[in-house]
Amino acid sequence: MLRLFDTVHGEIRPLVLREPGHLSMYVCGPTVYDLPHLGHGRFTLVWDVARRWFTFQGLTVRFVSNITDIDDNIIGRATREGTTESAVAGTYEDEWWKAMAAIGVARPDDVPHATAYVEGMVALIAQFLADDVAYVTSDGLYFDVRRVPDYGLLAGQPLESLRAGARIETNDEKRSPLDFALWKFAKPNEPFWPAPFGDGRPGWHTECVVMSLDLLGDGFDLHCGGFDLKFPHHENERAQAVAANRPFAQHWGHNGWVMVGDQKMSKSLGNFTSLTDMLERTDARAYRLLVLRSHYRSPIEVSPTTIADAERGLARLDALARRFNLPALAGSSFVRRDEFSFAGASQDLVNRVADVLDDDLNTPVAVAELFEALSIANALADGGDDDAAQSLAQTIAVLFASLGLAVDGAADVSDDDTQALVDARDEARGSKNWAEADRLRDVLVAEGWIVEDSPTGTLIRRP
RNA sequence: GGCGGCGUGGCCGAGCGGUUAGGCAGGGGCCUGCAAAGCCCCGUAGUCCGGUUCGACUCCGGACGCCGCCUCCA
């Protein structure tokens, strides 16, 4: 039984599926107007891990995540750069998928684009207008939040107290400060779509409700995103579904953010590191391991120190993979529990890991279990119990793969000259010519290799 | 102002009312021709003040500090 924290109820609850064995989940995706930053990396990793784990446990998961390809920021960038909105969106969507591939985040089953759903949004807004849930102002159409009696459910507070805290309102045409734009009328030279109530473009909150319901249907299972989307974005999606009389997400999941020092990383604070930059100097798997080592609802500290820490841990996993010749299992495809058979200590490990992951995706405890098992596997091999060690090591690789982390025991390729040095060193060692063997090792080290002795001779790899 | 979260050892980061989290870094040892990798052992905790309890890092209350949402934001 899978359990997951649900924001509406504020507690961990069973994930009740609309259709047993099938999980429908929607994750709010990026607005493509700039390079993805570490915060995007975190939310995509968190929900990729969830998707993979649910799949491992036997569920058929339909994973939908959108691309917002029309928005004020995109228009702003296109104007500044003298190009078109679709060019900006195209450029940064490409960057997005490149970064996703690099961190091993699997492609969603469906990737709806906002611009492909405008017709559906127009229809919904027209219905709101007819029902007097929407109203027209000089710059667009707004949603009247007072028409939704339980507005504020996801925020955990009623409309009145939200309103009390609302900051200075610049638009006094709005009926309530919390009313949000459904549709923005096009200003000169802005892109627009035709609509009976005036040409323009959709507001951000409307696209996700239309796309999620269109692809996943009424009452889909799980809707996810960063904590900062809880309110107002997710609340506004939900409010529209309520107003449209459509059952919406049954379970809401929100992940914690990336901290820089003691501040949230965000675009508006300007304190972000782009994912693209980080990947240039880090093994992407280290970021996944870093994410796995804290709970998905907690903030994580991403700094050169914490990344280096994760890289060292990763090196131990790779050393295990080398020692036991483990296959790299994770990648674009998923692993499933029923593809493997486990016994003895391996079965116990799977059970322990499954217990904690099934309970609100407790990845830090799962990782702790796996590192403990890693020591045991090495100790078994040191003691000559090769079969037990191999089985346990294999299971560790499978379980990490179930979370999308590929252990990598592959030797780094070297050229013929390097191989000649390796061969010469083995020869020198064979004849106990230690001085020559050490000299050759120094040469290899000077060329940037890590040199290790093994029963089969000299092994070299890159740091 | 409203709502929510957090404060753990040098750093990161969990669980748990009493029994080892885990990782990284550090110290000692084993293995190794020497290293590396690996294994074993070790230390340093729970912001502060009260309360409940036989016993609290873990529950309750308070204080202090920090963060976030209420505005675009993953």
Side-chain angles (χ1 to χ4, degrees), chain A residues 7 10 27-31 36-47 71-73 152 154-158 160-170 177-178 180 204 224-233 235 254-259 261-269 272 289-290 293-295 297-303 305-316 318-320 322-323 356 362-372 374-383 429 432-435 437-438 441-442 445 450-454 458-461:
Chain A
T7 304
V27 179
C28 286
T31 300
H37 61 68
L38 295 181
H40 295 108
R42 159 91 125 167
F43 94 79
T44 51
L45 281 167
V46 161
W47 301 114
D71 143 277
D72 291 358
N73 288 309
L154 278 166
Q157 45 185 339
E160 304 74 55
S161 60
L162 284 166
R163 198 187 304 187
R167 310 206 181 158
I168 296 165
E169 188 48 51
T170 53
L178 291 164
F180 56 91
W204 179 44
C224 308
F227 263 123
D228 44 4
L229 294 190
K230 193 161 66 170
F231 191 91
H233 181 58
E235 183 62 38
H254 292 99
N255 60 275
W257 35 70
V258 171
M259 305 294 287
D262 53 10
Q263 273 190 320
K264 176 192 172 198
M265 175 176 290
S266 74
K267 294 292 286 186
S268 47
L269 289 169
F272 59 92
L289 184 58
L290 184 59
R293 286 201 317 200
S294 67
H295 191 89
R297 287 191 280 118
S298 302
I300 54 169
E301 173 99 27
V302 181
S303 69
T305 307
T306 60
I307 288 184
D309 184 324
E311 283 181 312
R312 296 279 306 152
L314 189 62
R316 278 186 75 196
D318 286 347
L320 185 86
R322 278 198 306 282
R323 180 174 193 175
V356 296
N362 196 337
T363 56
V365 172
V367 169
E369 291 282 0
L370 289 167
F371 269 93
E372 215 159 340
L374 177 150
S375 290
I376 293 168
N378 276 314
L380 285 168
D382 286 352
R429 291 190 73 230
K432 297 196 191 302
N433 184 351
W434 306 128
D438 289 351
R441 176 166 59 197
D442 289 343
V445 169
I450 290 174
V451 180
E452 284 179 25
D453 292 342
S454 80
T458 297
L459 292 180
I460 56 168
R461 64 190 161 89

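Note that the structure is a prediction, hence the values are computed from the model and not measured. In what follows, every chain begins at residue 1, and chains take the letters A, B, ... in the order their sequences are listed. No hydrogens, no waters, no symmetry mates; every other heavy atom, side chains included, goes into these values.
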Any base atoms under 4.0 Å from A:Ser266, or only sugar-phosphate, or nothing? Heavy atoms, all strands. base

Between B:G51 and B:C12, how far apart are the P atoms? Round to whole Å, please. 32 Å

Among the nucleotides B:C67, B:C69, B:G38, which one has an atom lying closest to any side-chain atom of A:Ala319? B:G38

How long is the line joining CG of A:Asp228 and C1' of B:G68, in whole Å? 9 Å

Just checking A:Val356: base, sugar-phosphate only, or nothing, at a heavy-atom cut-off of under 4.0 Å? nothing

Between A:Arg42 and A:Asn255, do the side chains contain a donor N or O and an acceptor N or O under 3.5 Å apart? no

In whole Å, what separates the P atom of B:U44 from that of B:C3? 42 Å

So if I define the base as every atom that isn't primed, P, OP1 or OP2, how would nucleotides 22-33 of chain B read as a B/S/- string at a heavy-atom cutoff under 4.0 Å? SBSS-------B

Regarding the side chain of A:Val365, the nearest nucleotide among B:C70, B:A14, B:A74 is B:A14

Looking at every strand, decide which applies to A:His233 at a 4.0 Å heavy-atom threshold: base, sugar-phosphate, or nothing. nothing

Using a 4.0 Å heavy-atom cut-off, does A:Gly39 contact any base of the nucleic acid, only the sugar-phosphate backbone, or nothing at all? base

Look at all strands and tell whether A:Asp71 reaches a base, only sugar-phosphate, or nothing, counting heavy atoms closer than 4.0 Å. nothing

Separation of B:G38 atom P from A:Ile376 atom CD1, nearest Å, is 16 Å

For A:Ser298, report the nucleic acid contact type (base, sugar-phosphate, nothing); a contact means any heavy atom under 4.0 Å. sugar-phosphate

Taking for A:Pro158 and for A:Asn255 the nucleotide of RNA chain B with the nearest heavy atom, the one nearer the 5' end belongs to A:Pro158

For A:Gly152 and A:Glu235 the tightest heavy-atom approach is N-OE2, 2.9 Å

Provide the distance between the two C1' atoms, one in B:U47 and one in B:C67, to the nearest whole Å. 16 Å

Rounding to the closest angstrom, what is the interatomic distance between B:A45 and B:C30 at atom P? 28 Å

Quick one: do A:Thr458 and A:Asp453 satisfy side chain to side chain contact (heavy atoms under 4.5 Å, CB included)? Show the steps, please. CA-CA 5 Å; A:Thr458 297; A:Asp453 292 342; 4.2 Å; yes

Nearest non-hydrogen partners of A:Leu178 and A:Phe231, listed with the distance: CD2-CZ, 4.2 Å

What's the gap between B:G55 and B:G2 when it is taken at their C1' atoms, as a whole Å value? 39 Å

What integer number of Å spans the P atoms of B:C11 and B:A25? 16 Å

For A:Gly256 and for A:Ala155, find the nucleotide of RNA chain B with the closest heavy atom, then tell me which residue's nucleotide is more 5'. A:Ala155

Is it true that A:Asp309 and A:Arg312 have a side-chain N and a carboxylate O under 4.0 angstrom from each other? no

In whole Å, I'd like the distance from the CG atom of A:Leu370 to the P atom of B:G15. 17 Å

Over all atoms of both residues, closest heavy-atom pair of A:Met265 and A:Gly39: SD-N, 4.0 Å

Looking at A:Arg461 and A:Asp318, is any side-chain nitrogen of the basic one under 4.0 Å from a carboxylate oxygen of the acidic one? no

Integer angstrom distance from the C1' of B:C57 to that of B:G7: 12 Å

Over 60° means perpendicular and under 30° means parallel, so classify the ring planes of A:Phe272 and A:His37, tilted if in between. tilted

Would the distance check show the side chain of A:Thr306 and the main-chain N or O of A:Glu301 forming a donor-acceptor pair, the cut-off being under 3.5 Å? yes

Least distance between heavy atoms, A:Pro30 atom then A:His40 atom: CB-CD2, 4.4 Å

Could you tell me whether the phosphate oxygens of B:G68, OP1 or OP2, come under 4.0 Å of any side-chain nitrogen or oxygen in A:Lys230? no

A:Arg42 side chain, from C-beta outward: closest of B:C69, B:A37, B:A74: B:A74

Value in whole Å for how far the P atom of B:C69 lies from CZ of A:Phe227: 12 Å

Select base, sugar-phosphate, or nothing to describe what A:Met259 touches, counting heavy atoms under 4.0 Å on all strands. sugar-phosphate

Tell me which donor-acceptor pairs under 3.5 Å the side chains of residues 363-372 of chain A have, and how far apart each pair is, sequence neighbours excluded?
residue	atom	partner	partner atom	Å
A:Thr363	OG1	A:Leu292	O	2.7
A:Thr363	OG1	A:Ser294	O	3.4
A:Glu369	OE1	A:Arg352	NE	2.8

A:Asp318 has an atom CG; how far is it from atom C1' of B:G38, in whole Å? 15 Å

Rounded to whole angstrom units, what separation is found between the CD1 atom of A:Ile300 and the C1' atom of B:G13? 11 Å

Each stem that RNA chain B is part of, given as range with range (3 or more consecutive Watson-Crick or G-U pairs, under 3.5 Å): B:1-7 with B:64-70, B:10-12 with B:22-24, B:26-30 with B:38-42, B:47-51 with B:59-63

Using atom CG of A:Leu269 as one end and atom P of B:U71 as the other, report the distance to the nearest whole Å. 16 Å

When rounded to the nearest 0.5 angstrom, what is the spacing between OG1 in A:Thr31 and NZ in A:Lys267? 10.5 Å

Mind checking the P distance from B:G50 to B:A56? Whole angstroms is fine. 13 Å

Tell me: CG of A:Leu380 to P of B:C40, nearest whole Å? 10 Å

